[in-house]
Amino acid sequence: KQRLAIMLSGRGSNMVALVDAIQMGALRELAEVAVVFSNNPDAPGLATAAALGCQTANLAPAGRKRADYDAAVVQLLREYELDYLVLAGYMRILSPVLVRAYAGRILNIHPADTHLHQGLHAYEWAFENKLPETKITVHLVNEGLDTGPVLAQRPVDLRGANTLSEVERRGLLVEHELYADTLVRLFRGQISPSTPASYPAAPPDNRQLTT
Ligand code: GAR
């Protein structure tokens, strides 16, 4: 079984969907949750994970520089002997020290097509631009912001979604299914990552993810 760290910063609805799939769904034979980790000791998702019987850990950045903090995270995670880091609403940009420690073994879910939108506020972006459809993306994490090889995408029909919360509601339903499905296919060796050529050449200017 693949040993996972699920990494979150807030609510943790994607974590719950993954833990469900691991405890009693399609991931049962394929993966186990070694730890649910947060940069935010007060993240509601941590308490939820503990209630679901998961081991939890947290480390607050406490003013450390990004690379120093990530080095401490690498150190903390070492004891769990992880195969994959699964980012699930983990709202920090990863520095190279963390990306390289788990090269090719970090996944993220982004609530938009990463070729069209990177960074925060993806549902707001879709809503404000009145998109008839958006795409949820699961991708490998590299040293850019939401620029890693795409593992899977699934559309969300936004026609008739008149409020931001309706956009989010529809999107999250797709997120929760897509993340577990993608891990199943990855762990069965059924996916090979693709890196489309269509990312913006310059770094996106919406790099506001931080704490
Ligand atoms: C999800 O919509 C996830 O895709 C998004 O944050 C939300 C976390 O919700 N992630 C990003 O925007 C990363 N750039 P959750 O805590 O309920 O899973």
Side-chain angles (χ1 to χ4, degrees), residues 4-22 27 33 35-52 54 56 58 66 84-95 98-99 106-129 131 133-156 158 161 163-183 199-200 203-211:
L4 313 184
I6 301 178
M7 317 266 286
L8 57 79
S9 299
R11 175 180 53 194
S13 72
N14 277 286
M15 176 277 298
V16 170
L18 291 172
V19 170
D20 278 353
I22 287 166
L27 280 164
V33 180
V35 65
V36 175
F37 173 83
S38 187
N39 60 306
N40 171 14
D42 301 320
L46 274 184
T48 307
L52 291 170
C54 299
T56 64
N58 71 82
R66 198 183 299 285
Y84 284 91
L85 306 188
V86 180
L87 310 188
Y90 187 67
M91 296 305 199
R92 287 182 65 86
I93 295 171
L94 305 194
S95 57
L98 184 48
V99 174
I106 309 177
L107 291 94
N108 183 45
I109 189 161
H110 183 67
D113 181 340
T114 49
H115 315 135
L116 302 178
H117 177 282
Q118 305 85 26
L120 293 176
H121 310 306
Y123 286 132
E124 287 90 331
W125 166 80
F127 179 62
E128 281 160 16
N129 288 289
L131 301 185
E133 178 185 288
T134 195
K135 279 198 177 79
I136 308 300
T137 305
V138 175
H139 64 96
L140 291 176
V141 174
N142 62 12
E143 292 178 23
L145 175 63
D146 296 330
T147 57
V150 170
L151 297 178
Q153 290 190 314
R154 193 170 290 173
V156 184
L158 297 181
T163 61
L164 176 59
S165 61
E166 175 63 11
V167 168
E168 286 175 342
R169 190 188 68 77
R170 293 187 193 183
L172 282 166
L173 288 173
V174 175
E175 288 191 45
H176 298 161
E177 287 184 3
L178 182 65
Y179 218 175
D181 289 356
T182 306
L183 290 182
Y199 287 109
D205 57 10
N206 51 351
R207 297 177 63 104
Q208 312 137 340
L209 286 180
T210 188
T211 44

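For ligands, and for the atoms within them, numbers begin at 1 and follow the listed sequence. Just so you know, residue 1 is the first one in the sequence shown, and it goes up from there. Just so you know, these numbers use all the heavy atoms, side chains as well, and skip hydrogens, waters and symmetry mates.
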Checklist entry - Is there a nitrogen or oxygen of Tyr123 sitting under 3.5 Å from a nitrogen or oxygen of ligand 1? => result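 N/O-N/O distance below 3.5 Å does not exist for this pair.
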Checklist entry - Got an N/O contact under 3.5 Å between Asn14 and ligand 1? => result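 For ligand 1, there is an N or O atom that lies under 3.5 Å from one belonging to Asn14.
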Checklist entry - Would a distance-only check, ignoring hydrogens and angles, find a side-chain to backbone donor-acceptor pair under 3.5 Å from His110 to His117? => result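 Yes: the side chain of His110 pairs with the backbone of His117.
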Checklist entry - Is Asn129 reaching over with its side chain to a backbone N or O of Leu131, donor-acceptor style, under 3.5 angstrom? => result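 No; judged by distance alone, with no hydrogens or angles, the pair does not exist.
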Next on the checklist: I need the Leu85 CG to Leu4 CG distance, nearest 0.5 Å.
Outcome noted: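 Answer rounded to 0.5 Å: 9.0 Å.
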For ligand 1, which atoms, with element, lie under 4.0 Å from some heavy atom of [X]?
X: His110; answer: 14 (N)
X: Gly119; answer: 14 (N)
X: Ile109; answer: 4 (O), 10 (N)
X: Glu175; answer: 1 (C), 2 (O), 3 (C), 4 (O)
X: Gly89; answer: 6 (O), 8 (C)
X: Arg11; answer: 9 (O), 15 (P), 16 (O), 17 (O)

Next on the checklist: Give me the atom names and distance for the closest heavy-atom approach of Ala43 to Leu8.
Outcome noted: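 That would be CB-CD1, 3.8 Å.
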Next on the checklist: Please give me the minimum heavy-atom distance between Asp113 and Gln153, naming the atom from each residue.
Outcome noted: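 Heavy-atom minimum between the residues: OD1-NE2, 3.1 Å.
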Checklist entry - Is the closest heavy atom of His121 to ligand 1 under 4.0 Å? => result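 No, His121 has no heavy atom closer than 4.0 Å to ligand 1.
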Checklist entry - Would you say Gly12 touches ligand 1, if touching means a heavy atom closer than 4.0 Å? => result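 It does, in that a heavy atom of Gly12 comes within the 4.0 Å cut-off of ligand 1.
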Checklist entry - Does the side chain of Asn142 pick up a donor-acceptor pair with the side chain of Thr147 at under 3.5 Å? => result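 Note: Asn142 and Thr147 side chains meet the donor-acceptor criterion.
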Item to check | Asn39 and Ser9: side chain donor to acceptor below 3.5 Å | outcome: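 Yes, a side-chain donor-acceptor pair sits under 3.5 Å.
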Checklist entry - Less than 4.0 Å between a side-chain N and a carboxylate O, is that true for Glu177 and Arg154? => result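 Salt bridge flag = yes for Glu177 with Arg154.
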Item to check | Proximity to ligand 1 by part of Glu168, non-hydrogen separation under 4.0 Å | outcome: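 No part of Glu168 is near ligand 1 at this cut-off.
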